[in-house]
Amino acid sequence: MSADAPMRMPECQIPGWTSVRALPRAHGEPLGQGRIRAAPADFEVEEILGFEPDGEGDHLLLWVRKTGANTEWVARKLAGLLRVPSSAVGYAGLKDRHAITLQWFSVPRPRNGCPGWASLAPLGIEVLSERPHRRKLKRGALVGNRFRLLIRDFFPPQDALEARLGRISDQGAPDYFGEQRFGHEDGNLRGAHALLTGQASRVSRHERGLWLSAARSQIFNEVLAERVRRGNWAQPQPGDCLQLDGSHSYFLADDIDDTLTARAAAMDLHPTGPLWGEGEPPTGGAVRALECAVAAPFGPWLSGLAGYGMRQERRSLRLRVRDLVATRSSEGLRLELTLPAGTYATTVLREILDWG
């Protein structure tokens, strides 16, 4: 599609709303079909915190293995055991329920010694270690996650698989928000639409946060999808805001020279897309025009997000995939990969296969 071609937004219940399953792929058609999350052990996630516990302080960092449980529920169970408010328990990121996950929680350090953590084991909560720490663990205080996945009944041709994994390792994958972001049957998006069009009232702060995040994520996905269709999702364009790899910092590039092109090819810089808020995107030229055109069908969302005080922010259009390793077994294909915080393994999987 040329830069001047008109955009055709899909006709959905909410104008411009494309489901995650319908978003365009960057690396070609799926190599086959398989099954994911057939059992919690098929989807293992290990949190990479990025710093060491202090070794002293008024909090404990707990290294927890949870099975078939979501993060917030585990936090409430820890709070109940310690007889403290749920708000006193900290964690760096939300992890999938249908998985085995290793992640850190922080709790106030008990004055009378640690309780019997073993009482939580029947609930699928195993406290593997505890370390003193000075501060409560905050959301986002992690650098990434290591995934170990079993894709059952997936036996792609070896040559095609190696080529696909090589492209993903070398070029990354479109950094779409995954289905988890939008809730069961897109419930978070439907809530966001009701909230941002004035049809919802008496919404809790927590629920409002989930809904606003879902709305911004959907607009981002639509912009990224258009860049994928145009084939320039990973290549800097004049007017792009470019983000430094491993950082939230970005800068406006009015012109693209050979140096910027080479840095992007080396995965040192990534084009970004909008997390919508008050005002215009900080991009320029044709890039800003594209972002505004894609966002236009979401008019009530845009004004509503600004009304709730959301700021214009940026997210990389490209997901860098590290340490990608595939191993065949009689059950299917095992994949290991490391991803930055806030990204989705299913976003990578959809560049490889379809699943039921």
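Residue indices begin at 1 and follow the sequence shown.
- When each of E291, R288, R314 is checked for a side-chain hydrogen bond (donor to acceptor under 3.5 Å, both in side chains) with T283, only E291 meets the rule.
- Under 3.5 Å, the side chains of T18 and E222 contain a donor-acceptor pair of N or O atoms.
- A donor-acceptor contact shorter than 3.5 Å is absent between the side chain of S213 and the backbone of L210.
- Counting heavy atoms from C-beta on, the side chains of L260 and L242 come closer than 4.5 Å.
- For the pair R311 and E278, the salt-bridge criterion is not met [side-chain N within less than 4.0 Å of a carboxylate O].
- At a threshold of 4.5 Å between non-hydrogen side-chain atoms, the residues L31 and L353 do not count as touching.
- Within the 4.5 Å cutoff, the side chain of H248 has no heavy atoms near those of the E313 side chain.
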Criterion salt bridge (charged side-chain N to carboxylate O under 4.0 Å, His left out) on E72 and K66, from CA distance to verdict
CA-CA 12 Å; E72 293 172 325; K66 63 181 186 64; over 6 Å; no
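- For E336, the CD atom counts as densely surrounded, since its 6.0 Å shell holds more than 12 non-hydrogen atoms of other residues, nucleotides or ligands.
- The closest side-chain donor-acceptor pair between R146 and T338 falls under 3.5 angstrom.
- Side chains of I151 and D42 form no contact here, defined as non-hydrogen atoms less than 4.5 Å apart.
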For residues 168-177, which side-chain N or O atoms pair as donor and acceptor with protein atoms under 3.5 Å away, sequence neighbours left out?
{"residue": "S169", "atom": "OG", "partner": "L165", "partner atom": "O", "Å": "3.0"}
{"residue": "D175", "atom": "OD1", "partner": "R315", "partner atom": "NH2", "Å": "3.0"}
{"residue": "Y176", "atom": "OH", "partner": "P24", "partner atom": "O", "Å": "2.8"}

Would you be so kind as to tabulate the donor-acceptor pairs closer than 3.5 Å made by side chains of residues 54-62, with sequence neighbours excluded?
{"residue": "D54", "atom": "OD2", "partner": "H133", "partner atom": "ND1", "Å": "3.2"}
{"residue": "D54", "atom": "OD2", "partner": "R134", "partner atom": "N", "Å": "3.0"}
{"residue": "E56", "atom": "OE2", "partner": "R134", "partner atom": "NH2", "Å": "2.4"}

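- At a cut-off of 3.5 Å, with distance as the only test, no side-chain donor of T327 or R334 sits close to an acceptor on the other residue.
- Listed for the S247 side chain is no donor-acceptor partner under 3.5 Å among the backbone atoms of L244.
- Residue L149 is tested with I36, T346, L337 for a side chain to side chain contact (heavy atoms under 4.5 Å, CB included); the sole match is L337.
- Following chains of ILVMFWY side-chain contacts shorter than 4.5 Å, one cannot reach I48 starting from F105, and the two form parts of different hydrophobic clusters.
- Residues Q103 and R65 bring no donor and acceptor atom of their side chains to less than 3.5 Å of each other.
- Within the 4.5 Å cutoff, the side chain of Y250 has heavy atoms near those of the P282 side chain.
- With a 6.0 Å radius and a threshold of 12 heavy atoms from other residues, nucleotides or ligands, D258 has its CG atom at or below the threshold.
- In this structure, the side chains of P110 and P115 come closer than 4.5 Å at one or more pairs of heavy atoms.
- No more than 12 heavy atoms of other residues, nucleotides or ligands sit less than 6.0 Å from atom CG of D255.
- In summary, D245 and R322 engage in a salt bridge, as defined by a charged side-chain N under 4.0 Å from a carboxylate O.
- Taking CH2 of W276 as the reference point, atom SG of C292 lies at 4.5 Å (rounded to 0.5 Å).
- Side chains of L23 and N221 form a contact here, defined as non-hydrogen atoms less than 4.5 Å apart.
- Residues R25 and E351 are not paired through a salt bridge, judged by the lack of any N-O separation under 4.0 Å between the basic side chain and the carboxylate.
- In this structure the side chain of L335 never reaches within 4.5 angstrom of the side chain of L150, judged on heavy atoms.
- Other residues, nucleotides and ligands contribute at most 12 non-hydrogen atoms within 6.0 Å of the CD atom of E29.
- With hydrogens and angles disregarded, no donor-acceptor distance shorter than 3.5 Å links the side chain of T71 to the backbone of L94.
- Within a 6.0 Å radius of CZ in R97, no more than 12 heavy atoms belonging to other residues, nucleotides or ligands are found.
- Listed for the N188 side chain is a donor-acceptor partner under 3.5 Å among the backbone atoms of R181.
- For R83, the CZ atom sits in a loose shell: 12 or fewer heavy atoms of surrounding residues, nucleotides or ligands are nearer than 6.0 Å.
- Within a 6.0 Å radius of CZ in R131, no more than 12 heavy atoms belonging to other residues, nucleotides or ligands are found.
- Panel note: side chain Q199, backbone H193; no donor-acceptor pair is recorded below 3.5 Å.
- Nearest approach of L212 to L195, heavy atoms of both residues: CD2-CD2, 4.0 Å.
- Side-chain atoms of K77 never come within 3.5 Å of backbone atoms of L123 as a donor-acceptor pair (strictly under, hydrogens ignored).
- Counting only distance, with no hydrogens or angles, the side chain of R139 and the backbone of G93 share no donor-acceptor pair below 3.5 Å.
- Under a 4.0 Å N-O distance rule, the pair R229/E226 qualifies as a salt bridge.
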